[in-house]
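Presented below is the structure to which this report refers.
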Amino acid sequence: MVELVLEIREMCKSFGALKATDGVSLDLRPSEIHALIGPNGAGKSTLMHQISGSIRQDSGTIRFLGEDITALGMPERVRLGLGRSFQISSLVPEFSVLRNVMLAIQARQGSSFRFFRPVLNDKSLTEPAMSALERVGLAKRANFLAAELSHGERRQLEIAIVLALGSKAFLFDEPMAGMGPEGSKALTAFLDGLRNEAPILLVEHDMDAVFALADRISVLVYGRIIASGKVADIRNDAEVRRAYLGEPV
Amino acid sequence: MMPRETLVNTVLALLLLAIPLVAVAIDEPFYVTLSTRIAILALAAVGLNIALGLGGLVSFGHAAFFGIGGYTAAILATHAFNAEPLFFGLEGTTSMPWIWLVAMVICGLMALFIGLISLRTSGVYFIMITLAFAQMIYYFAISWPAYGGEDGLSLSVRNTFPLLSTAKPLPFFVVCYTMLLAAMVLFSLIRGSRFGAALQTARQNETRLAAVGIVPLNIKLAAFVISAIVTGLAGALFADLNRFASPSMLSWHMSGELIVLVILGGKGRLFGPLAGAMLYVMFEYTLGGITERWQFFLGLILLGVVLFIRGGLLGLLAGKARYG
Ligand SMILES: Nc1ncnc2c1ncn2[C@@H]1O[C@H](COP(=O)(O)OP(=O)(O)OP(=O)(O)O)[C@@H](O)[C@H]1O
Ligand SMILES: [Mg+2]
C-alpha cells in the first residue's frame, strides 16, 4: 500500500445556511498532481483553506504524512511541510521580491527571534532566496517591490515562496490565474517537474493545464465531490460534463 | 553622496545637541530643560514606534508604561530618601541605572500580561483594550494614597548617575540624549533584523506571516514588550526631569500624545519620533505662550499632516521610506 501524504476525511464547513464543504474526503499520494476542479463558488478555496489551516472546519479530520494535524494552526502545518499559495496573492507589498522570499527562508530556519544582525547582507538568507526566484524565472525582478509586480508575477512569487519553504506537499489555488498563455504554459511545464519534489493538490480553472498535469481529478460541486478518478474517466463522466464542463448530454 | 534621510537625521540629532550647549553658553538654562523634555518624549515615542510604526500595533495605552516608569523612579527614590525598606527588606535606591533596570523589568512584565490579552484582538478592539488597561492603572494610582494619590509623588532631589552631577541641567540632558540615541540604535537594528522582517510583515499582511510558518502573536507580543520597556525608561527619566511622578503621566492624554508624536514625525521612521517631539514641544512652547488653546492648532496641524503628507515630517523632509 502507498503511504498517503494527505488524507482528508469527512470535512464539513458551513457559512450560515450555506454548506460550503459537505462531507469531503480526499487523498494526496506521493509524487502525484491531484487536480480539484469545479464551478465558481463550488467551495474549492474554502476546502484549501481548511487543509492549510487558515479556516477551521466544523467537522472532519486531516492527516499529513501519517500525523493527525486537525488541531494545528496554519503556522504549525506550514512548519511540518504543508506549503500553500493563495488564490488572491498574499504578499508583503512594501518588501522587495527578494525579501518576500527571504522571509520564507528565515521562517524555515526557525530564526525569527534574532534582533540585531541585518538581513540584507545575510547570505544564508539572500542566496537560497535568490535560487528560489531563479527557479520560477523571477530573478531579474528581485529588487522590485512586491507591490510593483504584475498579476502573473505575483503568482510566480507565491510559488517561489512555497519552494523556499521546502514544503513536502503543495496546495496551489489557481496558480495560473492572470498569467496569460505564455506564463500558463511555462508554469505548466514547471509544475510537471515539481511533482517529483513533492505532490501537488491543484485547484485550477485552466482545463488545458489540468488535463496536461493531473494524475487524478476530483470534481467539486456545491461542496460535494461528485466524481473522482483518472483524467480519462473524468473527461467522459456524464455527470461532470453536465455539471461542470457545461455540455448537454 | 549622503542619502537625504541620513542628512536630515544628522541635522536633527546635532540640532538637539546644539541647543542646550548654546543655551548653557548664553546662560539660558530653560532651553536645556526644554531640550531634555524633547529627548525624553522622543525616547518614549521611539518605544511606541517599535509597536506602532514597525508592527502596526496602535497601542492607546502606552501611558501605562510611561507612568509606571515614572512612578518606579519616584517610589524607589522616596523609599531610599526616607530610609524605609520597600518590602521583603528591599531598599529603595536613588541610582538611575538601578531605577531604570527595575522600571524596565516591571514594564516588560506588565506589557507581557497586557499584550497576551490585547494582542488576540486587532484594530479598534486592540485600541480599546490597551486604553482600558492604561485607565485601570491610572485609577489605581490616583486612589493609592501611600504614593501621593491624585497629587502625584515628588522627588526631593534628582536621582544620581555615576560620575555625573545630574542635578545640573546639562549633565542630565546628556544622560537623556544618550539614552535616546541608544534607543534609536536599537530601533534601527531591530528594523533591519530577522525579527524586524517578521514584525513588519505582521503589520502589512499577517496571513503571509502565518503562511510561512511564523506565529504572528509571538512576534507582536515580543515587539509590544520591547516597546513598553523603552517607553518605561523614558517615563523614569521624565519623573527625574520634573522631579515629580504625576498621575497625568498615566492618563489617556499621554497615550494620545505619544501617538501624535509618532504620526507627526512619520511612523516607522528612525528619526520620526525625534522630529515629532521637536515640533510638538516647539508648538507647546510658542503657541502655548500665545493662547491656552494651542492644542486646537496642534489638532489642525495634525489633520494637515495626516491628510496631505502621509509620511509625517520625515516623509516631507526625506521622502518616502524604502525597505529594500
Ligand atoms: N468567509 C465566508 N463567509 C461566507 N461565505 C463564504 C465565505 N467564504 C466563502 N463563502 C461562500 O462559500 C462558497 C464557496 O466559496 P469558495 O471561495 O470556496 O469557492 P471556489 O470554488 O473557490 O470558487 P472560485 O472558483 O470562484 O474561486 C461561495 O458561495 C462563497 O460565497
Ligand atoms: Mg477559489
Side-chain angles (χ1 to χ4, degrees), chain A residues 49 52-54 73-86 88-122 124-126 142-143 145-147 157-158 161-162 164-167 171, chain B residues 3 50 53-56 108 120 182-227 229-230 266-270 310-311 315 319-324:
Chain A
H49 284 310
S52 68
S54 58
M74 176 153 68
E76 291 82 12
R77 293 183 194 189
V78 171
R79 284 204 299 274
L80 285 176
L82 194 53
R84 69 170 298 187
S85 75
F86 293 83
I88 297 160
S89 297
S90 183
L91 300 164
V92 193
E94 293 168 22
F95 275 0
S96 69
V97 169
L98 186 66
R99 285 200 73 177
N100 268 273
V101 187
M102 284 160 66
L103 184 74
I105 305 284
Q106 90 174 42
R108 182 184 183 178
Q109 294 175 358
S111 59
S112 290
F113 283 93
R114 293 194 199 155
F115 297 88
F116 301 117
R117 180 157 172 217
V119 290
L120 285 182
N121 48 28
D122 184 341
S124 68
L125 294 177
T126 53
N143 293 318
L145 296 187
L157 177 51
E158 288 236 349
I161 291 172
V162 187
L165 287 171
S167 302
L171 308 171
Chain B
I50 294 172
L54 298 181
R120 287 170 200 282
M184 290 204 290
V185 169
L186 178 77
F187 179 90
S188 156
L189 286 173
I190 286 180
R191 188 174 57 175
S193 71
R194 293 180 186 217
F195 176 75
L199 181 57
Q200 290 167 82
T201 302
R203 173 182 44 128
Q204 297 175 58
N205 184 350
E206 217 174 292
T207 310
R208 172 38 71 198
L209 196 59
V212 296
I214 300 171
V215 182
L217 177 67
N218 298 348
I219 299 292
K220 293 191 290 186
L221 187 59
F224 193 67
V225 169
I226 297 169
S227 164
I229 286 174
V230 174
K267 65 178 159 43
R269 304 297 280 260
L270 176 57
R310 301 289 301 269
K320 211 168 170 296
R322 266 198 82 103
Y323 295 84

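Letters go in sequence order (proteins before strands), and every chain restarts at 1. Worth knowing before you read on, the calculation uses all heavy atoms, side chains too, and leaves out hydrogens, waters and symmetry mates.
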Discussion item. Under the criterion side-chain contact (heavy atoms from CB on, under 4.5 Å), I'd like the reasoning laid out for A:Arg99 against B:Thr201: C-alpha separation, chi angles, the key distance, then a yes or no.
Written reply: CA-CA 10 Å; A:Arg99 285 200 73 177; B:Thr201 302; over 6 Å; no

Just give me the residue among [options] that pairs up with chain B most often, heavy atom to heavy atom, under 4.5 Å.
{"options": "A:Arg79, A:Glu76, A:Arg77", "result": "A:Arg79"}
{"options": "A:Ala104, A:Gly73, A:Ser111", "result": "A:Ser111"}
{"options": "A:Val162, A:Leu165, A:Leu103", "result": "A:Leu103"}

Practice prompt. Look up atom CZ in A:Arg108 and atom CD1 in B:Ile214, then write down how far apart they are to the nearest 0.5 Å.
Written response: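 The CD1 atom of B:Ile214 is 13.5 Å from CZ of A:Arg108, to the nearest 0.5 Å.
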
Practice prompt. Any chance you could measure A:Met74, atom CE, to B:Leu209, atom CG, to the nearest 0.5 Å?
Written response: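 One finds 9.5 Å between CE of A:Met74 and CG of B:Leu209.
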
Worksheet item: Quick one: does B:Ser193's side chain have a donor or acceptor within less than 3.5 Å of a partner on A:Arg117's backbone?
Response: no

Item to complete: Using atom types as modelled and distance alone, determine if a side-chain donor or acceptor of B:Asn205 lies under 3.5 Å from a backbone N or O of A:Val92.
Response: no

Discussion item. Under a 3.5 Å cutoff, is there a donor and acceptor pairing between the side chains of A:Ser112 and B:Arg194?
Written reply: no

Item to complete: Could you list all the ring pair (Phe, Tyr, Trp, His ring centres under 6.0 Å) pairs where at least one residue sits in residues 203-222 of chain B, not counting sequence neighbours?
Response: none

Fill in: Residue pairs fulfilling ring pair (Phe, Tyr, Trp, His ring centres under 6.0 Å) with at least one residue in residues 187-206 of chain B, sequence neighbours excluded
A:Phe113-B:Phe195, A:Phe115-B:Phe195

Worksheet item: What residue, out of B:Ala198, B:Ala222, B:Ala210, has the most heavy-atom pairs lying under 4.5 Å from chain A?
Response: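 Greatest number of close heavy-atom pairs with chain A: B:Ala210.
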
Worksheet entry | Closest contact, heavy atoms only, A:Val78 versus B:Gly213 | CG1-N, 3.6 Å

Worksheet entry | B:Ala211 versus chain A, the contacting section by heavy-atom distance below 4.5 Å | both

Discussion item. Using heavy-atom distances under 4.5 Å, tell me whether B:Leu199 contacts chain A through its side chain, its backbone, both, or neither.
Written reply: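 Interface part for B:Leu199: neither.
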
Fill in: Short N-O contact, A:Glu94 and B:Lys320, less than 4.0 angstrom
no

Worksheet item: Between B:Val212 and A:Gln106, is any pair of side-chain heavy atoms under 4.5 Å apart?
Response: no

